[in-house]
Amino acid sequence: MDTLKIEAYAKINLGLDVVRRLENGYHEVKMVMQTVGIGDTITLTKTEEGITVTTDSGEIPADENNLVYKVAKLLKETCDIKEGVAIHLEKRIPVAAGMAGGSTDAAAVFKGMNELFSLGLSQEELQKLGVKLGADIPYCIQGGTALAEGIGEKLTALPDAPNCFLLVAKPDINVSTKYVYENLNLPGLKKHPDIDGMVEAIKEGDLEGVIARMDNVLASVTEEKYPIITELKEFMEQNGAKKALMSGSGPTVFGIYDKEDAAMAASKKLAEKNLVKQIFVTTFQRKE
Ligand code: ATP
């Protein structure tokens, strides 16, 4: 086998809390992560030597600054791989959007190179290497529904969240995760999301219980800077969504629908308004 094609799926945060700021500048978080059916297609091909990255996207670097290049370099060095690898990314996941696009591409290259070069690394070993390049990478290697704590790397797998349909919209702005965390007024937060309650609701298969607890403390920062996020949430909730929320550090907004028809109708209406750059109707992506 010289070539491998993999789908790398995006995530949303059903709940996101920041517990405290750590001395090293990182933040301790408590998040409910969920893989969704929006994916990049990644093709890995064995070559004689070196690492190359190509992509159909004009929005991400096609050189050593791409996270997937860093993964290939780390694996080549750690596992002493003599051959090279060519990585091609077909990008569909919105970039700098709060959907872990870079982290999930990285996770897919960890798993794909492990297979392509028969490295024999366990999921845990891949996750340990992954966290060196990004706090969300261990989750992306695991996928599915999970509670993420610590800086995002301490994972507890959860049963699949209850089925529903999602309308996902990415406005034409890019948000820096660093900016959002730096501008979060943690002591000033009036309330924190009930993440423990959401975990219980997921365990009970209680969609209403999950929806009632959907909340994201980072929204206070991003929504203040970009009113379009609030506008999108209001649009979705006025157009059939049971609840709408910003994902991660934003600006992507997702709405939860119990019927596909309703999500499709809202997506059509939103497209006509010309408010956003990318729109998807999808579902939660189950673990393989
Ligand atoms: P998160 O939810 O983890 O904060 P995000 O969705 O906000 O992630 P990404 O799409 O991962 O953000 O992109 C963040 C930055 O990383 C981009 O500005 C981009 O230039 C850079 N980057 C490097 N490699 C990739 C990649 N493979 N895919 C996307 N972005 C990448």
Side-chain angles (χ1 to χ4, degrees), residues 6-16 18 26-27 29 31-36 38-44 51-74 85-113 130-131 133-143 146 148 150-153 155 168-184 216-219 221-222 225-226 229 245-254 277-278 280:
I6 334 160
E7 282 298 294
Y9 291 103
K11 63 86 183 161
I12 54 168
N13 299 95
L14 290 170
L16 193 161
V18 178
Y26 278 88
H27 288 80
V29 292
M31 319 186 277
V32 175
M33 320 285 277
Q34 174 64 56
T35 311
V36 298
I38 303 168
D40 295 339
T41 306
I42 300 184
T43 311
L44 299 178
I51 303 165
T52 59
V53 178
T54 52
T55 174
D56 65 350
S57 165
E59 290 184 82
I60 57 166
D63 55 23
E64 68 281 358
N65 292 312
N66 198 302
L67 209 47
V68 297
Y69 183 99
K70 295 178 185 171
V71 174
K73 186 164 179 274
L74 181 63
V85 64
I87 307 169
H88 183 66
L89 303 177
E90 281 169 60
K91 201 83 198 147
R92 274 174 225 99
I93 302 172
V95 174
M99 300 194 81
S103 304
T104 197
D105 289 352
V109 173
F110 270 114
K111 291 196 279 188
M113 282 186 64
V131 76
L133 297 178
D136 281 348
I137 296 177
Y139 163 71
C140 292
I141 290 174
Q142 175 175 316
I151 58 162
E153 90 295 8
L155 300 170
V168 178
K170 157 82 178 7
D172 195 6
I173 40 175
N174 289 357
V175 171
S176 140
T177 305
K178 194 164 171 270
Y179 167 87
V180 175
Y181 274 98
E182 279 175 2
N183 285 279
L184 176 67
N216 178 351
V217 295
L218 299 180
V221 183
T222 321
K225 186 155 190 225
Y226 301 109
I229 295 168
L245 193 72
M246 185 185 87
S247 182
S249 48
T252 302
V253 173
F254 64 93
K277 189 175 172 199
Q278 285 165 287
F280 308 84

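Ligands are counted one by one from 1 in listed order, and the atoms in each one are counted from 1 as well. Computed from heavy atoms alone, side chains included, the values below leave out hydrogens, waters and symmetry copies.
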Polar contact flag for [X] and ligand 1 (N/O pairs, less than 3.5 Å):
| X | value |
| --- | --- |
| Met99 | yes |
| Ala97 | yes |
| Gly98 | yes |

Tell me which protein heavy atom sits closest to [atom], plus the residue, atom name and distance to 0.1 Å.
| atom | result |
| --- | --- |
| atom 2 (O) of ligand 1 | Ala100 N, 2.9 Å |
| atom 17 (C) of ligand 1 | Val95 CG1, 4.0 Å |
| atom 11 (O) of ligand 1 | Gly102 N, 2.8 Å |
| atom 21 (C) of ligand 1 | Pro61 CD, 4.5 Å |
| atom 4 (O) of ligand 1 | Thr177 OG1, 3.0 Å |
| atom 28 (N) of ligand 1 | Lys91 NZ, 3.1 Å |
| atom 29 (C) of ligand 1 | Ile60 CG2, 3.4 Å |
| atom 10 (O) of ligand 1 | Ala96 N, 2.9 Å |

Worksheet item: Heavy atom under 4.0 Å from ligand 1: found in Leu89's side chain, backbone, both, or neither?
Response: side chain
Worksheet item: Taking heavy atoms and a distance under 4.0 Å, where does Asn66 meet ligand 1: side chain, backbone, both or neither?
Response: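 Both of them.
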Worksheet item: Can Gly101 be said to touch ligand 1, with heavy atoms closer than 4.0 Å?
Response: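 Gly101: in contact with ligand 1 (<4.0 Å).
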Worksheet item: Is atom 23 (C) of ligand 1 in close reach of the protein, with a heavy atom under 4.0 Å away?
Response: yes
Would you say [X]'s side chain and [Y]'s backbone share a donor-acceptor pair under 3.5 angstrom?
| X | Y | value |
| --- | --- | --- |
| Thr222 | Ser249 | yes |
| Thr104 | Tyr9 | yes |
| Lys11 | Gly98 | yes |
| Asp56 | Lys91 | yes |
| Asn13 | Gly248 | yes |

Closer than 4.0 Å to some heavy atom of [X] - which atoms of ligand 1 meet that?
| X | answer |
| --- | --- |
| Asp105 | 26 (C), 27 (N), 28 (N) |
| Asp136 | 3 (O) |
| Leu67 | 23 (C), 24 (N) |

Worksheet item: Quick one: CG on Leu44 to CD1 on Ile6, what's the gap to the nearest 0.5 Å?
Response: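 Leu44 CG to Ile6 CD1: 4.5 Å, rounded to 0.5 Å.
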Worksheet item: Which value, rounded to the nearest 0.5 Å, describes the distance between Ile87 atom CD1 and Asp105 atom CG?
Response: 9.5 Å
